[in-house]
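Presented below is the structure to which this report refers.
In what follows, chains are A, B, ... by sequence order, proteins preceding strands, each numbered from 1.
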Number of protein chains: 2
Amino acid sequence: MSYCYKYPRPALTVDCVVFGFTAEEQLQVLLIQRGLPPFAGQWALPGGFVQMDETIEAAARRELVEETGVENLFLEQLYTFGAVDRDPRDRVVSVAYYALISLQSHPTQAATDASAVDWFPILAAEEDPFTQLPALAFDHREILSTALQRLQSKIRYEPVGFELLPPKFTLTQLQELYEAILGYPLDKRNFRKKLLKMDLLIALPEKQVGVPHRAPRLYRFDSARYEALTQRGFVFDL
Amino acid sequence: MSYCYKYPRPALTVDCVVFGFTAEEQLQVLLIQRGLPPFAGQWALPGGFVQMDETIEAAARRELVEETGVENLFLEQLYTFGAVDRDPRDRVVSVAYYALISLQSHPTQAATDASAVDWFPILAAEEDPFTQLPALAFDHREILSTALQRLQSKIRYEPVGFELLPPKFTLTQLQELYEAILGYPLDKRNFRKKLLKMDLLIALPEKQVGVPHRAPRLYRFDSARYEALTQRGFVFDL
DNA sequence: ACAAAAGTGTTGCGCTTACACCCATGG
DNA sequence: CCATGGGTGTAAGCGCAACACTTTTGT
């Protein structure tokens, strides 16, 4: 069985840059080890072909579930990569997405079928943030670099950082997240003042437990309030 | 002759939102009248199929030359639209670009071959900025809406506005451009102070001539200086 | 001289930045 | 009682927003 067209068509794929965060290991990206050529054995972004009856975003979500088991996360289109020779086999155009996930909430998946899945650290403060990564297949390093730049700008004018934390978090965790993504330190007092003045965080009655020192207060992000403020022209700005 | 593949593939097209600006007629978008079904006779964004041996951006530039005669303009990828039923004939995924052009420098093209090409005004200040446009084919109104939003945010943190003006312009023209795109008035004194302080405009010795009142000073954008400042961490911010 | 648009400064206020110490808790 | 991280306030300076009149030129 084959599908024939009057004019040639590029193949269409999606690739997903999944960012995760843990307090200890900082900012991470999810990679899979390819089982098939080309680039068999090399690490790559999760992704695959877009089916005829699904939107591109649906394809991205489907591939994420199939390849890494992660579901229901923040996902946004990043850029479409269409260099003529980006795939050695064939002309392949890829729509890249980036996703944010809390590693505390969704624990790391075990490897699926034969191929390995793993998290690798990103060091935003370094000149090259990707020295800790293996070589990547295709133009995936370029895609990842674009994704990191996007995340760095987005986090400053949209409250996407909360997607990388568990629902309840401390202000120190939030600040460390911002520092890990932006790659430079922030002033503790100023950071807290600015965020609390926005009135987007709800202080929870509970405190974190099991720490060997004073227990920090927990907060959660008030997304309903954020929606309401946004309607009235409010712009999040770190 | 036909091209056959093991799995079905969506067709891949580009669509271009070309914005223009004239002092009198304000912000405009370039549309073409379709000669062929579907949507024959309706107005649409210029665009067409991506060839196998060209990048997506090259396809966008080629279609712009072929359909509207405009060349060598500022062009940036906008978003990729992939709703399953956005084209009634077939599954078609379209990579949208937006372009900026000075209508003074590149005068409006006459109609090419059988199909008409024309500019239509956009009223950013209105709740619906597109009331002056004809009905658009496919999801082109959605694409246009996305493009306007992108232009509105981009113009505030990157000096793209100058692409819509002739090389020599007055501060009043620049301010009117910003007001036309953002859809609200700006304070004249503050606007001038802020821009001149950035040190990105070169005051020219000449003044505009042939006006029935005091002749305004002409400026040009110093793009070399902008590059230099950007390297040192400068961020344009209106 | 008049019409039309160009051009120009000051002030008050809010926001940002820089900065260091005490507090609560668990071991 | 000590180690660890949590939490807090103030002062100086800068940038932003608001605001109205004079200047130049052509007719």
Side-chain angles (χ1 to χ4, degrees), chain A residues 22-26 104 155-157 165-166 168-180 182 184-220 229 232-238, chain B residues 22-26 104 155-157 165-166 168-180 182-220 229 233-238:
Chain A
T22 53
E24 316 78 43
E25 310 189 64
Q26 303 288 47
Q104 262 108 315
I155 203 176
R156 291 195 350 210
Y157 61 90
L165 292 175
K168 301 174 182 183
F169 51 85
T170 69
L171 290 180
T172 300
Q173 285 176 330
L174 187 61
Q175 182 177 346
E176 284 170 350
L177 169 62
Y178 271 84
E179 290 175 337
L182 295 174
Y184 51 83
L186 300 171
D187 181 90
K188 182 160 68 159
R189 283 178 286 195
N190 294 335
F191 181 82
R192 293 161 106 92
K193 252 182 298 175
K194 200 157 172 183
L195 265 161
L196 293 174
K197 181 154 25 149
M198 286 187 197
D199 209 20
L200 288 172
L201 298 185
I202 300 176
L204 298 175
E206 331 139 53
K207 300 201 164 184
Q208 200 172 64
V209 294
V211 285
H213 54 274
R214 177 172 177 179
R217 158 148 269 142
L218 288 168
Y219 293 85
R220 68 181 177 80
L229 288 174
R232 296 178 224 154
F234 167 83
V235 185
F236 181 91
D237 186 22
L238 175 102
Chain B
T22 52
E24 316 79 41
E25 310 188 63
Q26 303 287 49
Q104 262 109 314
I155 204 176
R156 289 191 356 205
Y157 62 90
L165 291 175
K168 301 175 182 182
F169 51 86
T170 69
L171 290 180
T172 301
Q173 285 175 331
L174 187 61
Q175 183 177 346
E176 285 170 350
L177 169 62
Y178 270 84
E179 291 176 336
L182 295 174
Y184 52 81
L186 299 171
D187 181 89
K188 183 161 67 159
R189 282 177 286 192
N190 293 335
F191 182 82
R192 293 161 106 92
K193 252 180 300 176
K194 201 158 173 182
L195 264 161
L196 293 174
K197 180 155 24 147
M198 286 187 198
D199 209 19
L200 289 172
L201 298 185
I202 300 176
L204 299 174
E206 332 140 50
K207 299 202 165 184
Q208 202 171 61
V209 293
V211 286
H213 54 273
R214 178 172 177 179
R217 158 147 271 144
L218 288 168
Y219 294 84
R220 69 181 177 79
L229 288 175
F234 167 82
V235 185
F236 181 91
D237 186 21
L238 175 101

Interatomic distance where NZ belongs to B:K197 and C1' belongs to D:dC14 [whole Å]
9 Å
Separation of B:F191 atom CZ from C:dG7 atom C1', in whole Å?
14 Å
Just call it for A:K193: base, sugar-phosphate, or nothing, with non-hydrogen atoms closer than 4.0 Å on any strand.
base
Measuring from atom CG of A:L186 to atom OH of A:Y178, what distance do you get when rounded to the nearest 0.5 angstrom?
9.5 Å
Quick one: is C:dC15 close enough that its OP1 or OP2 comes under 4.0 Å of any side-chain N or O from A:K194?
no
Report the residue (A:L196 or B:D187) whose heavy-atom-nearest nucleotide on DNA chain D is the more 5′ of the two.
A:L196
In whole Å, what is the span from the CZ atom of B:R156 to the P atom of D:dC16?
13 Å
I need the CG-P distance between A:L218 and D:dG7, as an integer number of Å.
9 Å
Looking for any heavy atom pair under 4.0 Å, which part of the strands does A:R192 touch: base, sugar-phosphate only, or nothing?
base
Euclidean distance, atom NE2 of residue A:H213 to atom P of C:dG27 [Å, nearest integer]:
11 Å
Look at all strands and tell whether A:T172 reaches a base, only sugar-phosphate, or nothing, counting heavy atoms closer than 4.0 Å.
sugar-phosphate
Which nucleotide in the list D:dT25, D:dG5, D:dC16 gets nearest to the side chain of A:R214?
D:dG5
Report the distance from atom CE of A:M198 to atom P of C:dC15, rounded to the nearest whole Å.
12 Å
Between A:R189 and C:dA18, does any side-chain N or O lie under 4.0 Å from OP1 or OP2?
no
Run the side-chain contact (heavy atoms from CB on, under 4.5 Å) test on A:L200 and A:F236 for me, step by step, so that the C-alpha distance in whole Å, both residues' side-chain angles and the decisive distance to 0.1 Å come before the verdict.
CA-CA 10 Å; A:L200 288 172; A:F236 181 91; 3.9 Å; yes
Would you check if B:L195 and B:Q175 make a side-chain contact, meaning some heavy-atom pair closer than 4.5 Å?
no
Can you establish whether the number of heavy atoms outside A:R220 located under 6.0 Å from its atom CZ is more than 12?
no
Closest heavy-atom pair, B:R217 versus B:L204, reported as atoms and distance to 0.1 Å, is NE-O, 3.4 Å
Provide, to the nearest angstrom, the distance between the NZ atom belonging to A:K188 and the C1' atom belonging to C:dT17.
17 Å
Find the distance A:R217:CZ to C:dT25:C1' and express it as a whole number of Å.
15 Å
Consider the side chain of A:N190, meaning its heavy atoms from C-beta on, and name the nucleotide among D:dG6, C:dT17, D:dC16 that approaches it most closely.
C:dT17
